[in-house]
Engineer: 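Here it is, the structure in full.
Hydrogens, waters and symmetry mates are skipped; everything else that's a heavy atom, side chains included, is used. When a ligand or atom number is given, it counts from 1 through the structure's own listing order. Predicted model, so just to flag it, every value in this text is computed and none were measured. For this chain, numbers begin at 1 and follow the sequence in order.
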Amino acid sequence: MTGEFALIHRIARLAARAPSPDVVLGIGDDAAVLQLPRGSQLVAAVDTLVEGVHFPIGTAAADVGWKAVAVNVSDLAAMGARPRWALLSVTSPDPRAALALARGAMACARRYGATLVGGDTTRGPAGASVTLLGTVPRGRAVTRAGARAGDDIWIAGVLGDATAGLACAQRRLHPSARDRASFLRALDRPNPPLALGLALRAVASAMIDVSDGVLADLGHVLDASSLGATLGAGPLPASRALLRAVPDVGARFAMQCRGDDYTLLFTASPRYARRIETIAQRAGLPATRIGSTHALRGLWREGPGLRPTRLVAAGFDHFR
Ligand code: ADP
Ligand code: MG
């Protein structure tokens, strides 16, 4: 393969294998032309992955491509929106790695029903930026701002596996080969629960994806909704692998608050609890009630003797 145009041609041919009626004009012209379904609103998100910041140096290009799309699917899922069109800006030291990255991105897009419709290609250190466009029925997007005092706070799936994967990649954690593989998969190939996000549109009052860390992300919902919350004293939902690999309760809780989980945190009126369990079961994921919201601001956790202690939400912040 020689040069940028040959590369783009290869990507275009691969993308054309999955034609979609909502793509009037895909890769190859100056811009894509997309058909918005009647009665829907456009939902847009962009996220950038930089080598050494968002993924360890040496991560397979295909995994970087997958994750660059997946983190955006996670954002759209948290809005209750259906992904449709992806634009991929890739920087890569060589065309072979760029193609591998684009293949990974296309695999993830296909998995979630989206088509790659354009992008940009630049030589540079490995990295990718994906813009994902999706749709939601008019007025139905689920925001961070809709939580009400007295709502339950729920987590879909489990927390901490990607952080354990990073610890494995950095040789700080040494679990069994099988658990290690599953942690690295969580780190490199996240699978955000899109079907669940779409189904939750009917019941969730507010929703956010867990990317910065569960406490930080819950803090974003509470700020946007002008509320506080108290978490139960129980553990956060964890995989069997994490329970095995990190038996210490405190160390595990800390790992589970580090982010990169790409699952959903949402609030809902307690009257929907049974329905939420059914919806989650259908999506093949556990849903765990971790606490509830209240008018008193701040984030608290029930402790021994039922004396709540105040938590300081420390998530990932690039500039701190
Ligand atoms: P321009 O200079 O007009 O931006 P480009 O040569 O960058 O044109 O891109 C030509 C076509 O290829 C456009 O349709 C663009 O969206 C698409 N394209 C370029 N790079 C990528 C990529 N990495 N992935 C998908 N499409 C791409
Ligand atoms: Mg361009």
Engineer: Hey, mind stepping through Asp223 and Arg297 against salt bridge (Lys or Arg N to Asp or Glu O under 4.0 Å) and telling me if it holds?
Structural biologist: CA-CA 9 Å; Asp223 284 346; Arg297 301 296 301 269; 3.3 Å; yes
Engineer: Taking the minimum heavy-atom distance to atom 10 (C) of ligand 1, which of Leu116, Asp30, Asp29 ranks first?
Structural biologist: Asp29
Engineer: Below 4.0 Å, non-hydrogen atoms only: which portion of Thr121 touches ligand 1? Side chain, backbone, both or neither.
Structural biologist: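 Both of them.
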Engineer: Taking only heavy atoms of Phe5 into account, list the atoms of ligand 1 that are under 4.0 Å away from them.
Structural biologist: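 Heavy-atom distances to Phe5 below 4.0 Å select 6 (O).
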Engineer: Got a donor-acceptor contact below 3.5 angstrom from the His54 side chain to the Val50 backbone?
Structural biologist: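 Checking the backbone N and O of Val50 against the side chain of His54, a donor-acceptor pair under 3.5 Å is found.
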Engineer: Backbone or side chain, does any N or O of Gly28 fall under 3.5 Å from an N or O of ligand 1?
Structural biologist: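 Among all N and O atoms of Gly28, at least one is under 3.5 Å from an N or O of ligand 1.
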Engineer: Look at the side chain of Asp179 and the backbone N and O of Pro175, then say whether any donor-acceptor pair between them is shorter than 3.5 Å.
Structural biologist: no
Engineer: Which of the atoms of ligand 1 are close to Leu88, meaning less than 4.0 Å from one of its heavy atoms?
Structural biologist: 22 (C), 23 (N), 24 (N)
Engineer: Provide the number and element of each atom of ligand 1 under 4.0 Å from a heavy atom of Val90.
Structural biologist: 23 (N)
Engineer: Output yes when Arg258 and Asp212 qualify as a salt bridge under the 4.0 Å nitrogen-oxygen rule, no when they do not.
Structural biologist: no
Engineer: Using a strict 4.0 Å threshold on nitrogen-to-oxygen distance, state whether Asp188 and Lys67 make a salt bridge.
Structural biologist: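 No.
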Engineer: Is the closest N or O pair between Gly119 and ligand 1 shorter than 3.5 Å?
Structural biologist: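 Looking only at distances, the answer is yes, because the N/O contact criterion of under 3.5 Å is met.
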Engineer: Closer than 3.5 angstrom, by distance alone: can the side chain of Thr267 be matched with the main-chain N or O of Ala206 as a donor-acceptor pair?
Structural biologist: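 Checked: pair present.
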Engineer: Donor-acceptor pair, distance only, cut-off 3.5 Å: does the side chain of Asp217 make one with the backbone of Ser211?
Structural biologist: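 Present.
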Engineer: Show which atoms of ligand 1 fall inside a sub-4.0 Å distance from at least one heavy-atom site of Gly118.
Structural biologist: 16 (O), 24 (N), 25 (C), 26 (N), 27 (C)
Engineer: Regarding atom 12 (O) of ligand 1: of the candidates Leu101, Leu7, Ile8, Thr122, which has the closest heavy atom?
Structural biologist: Ile8
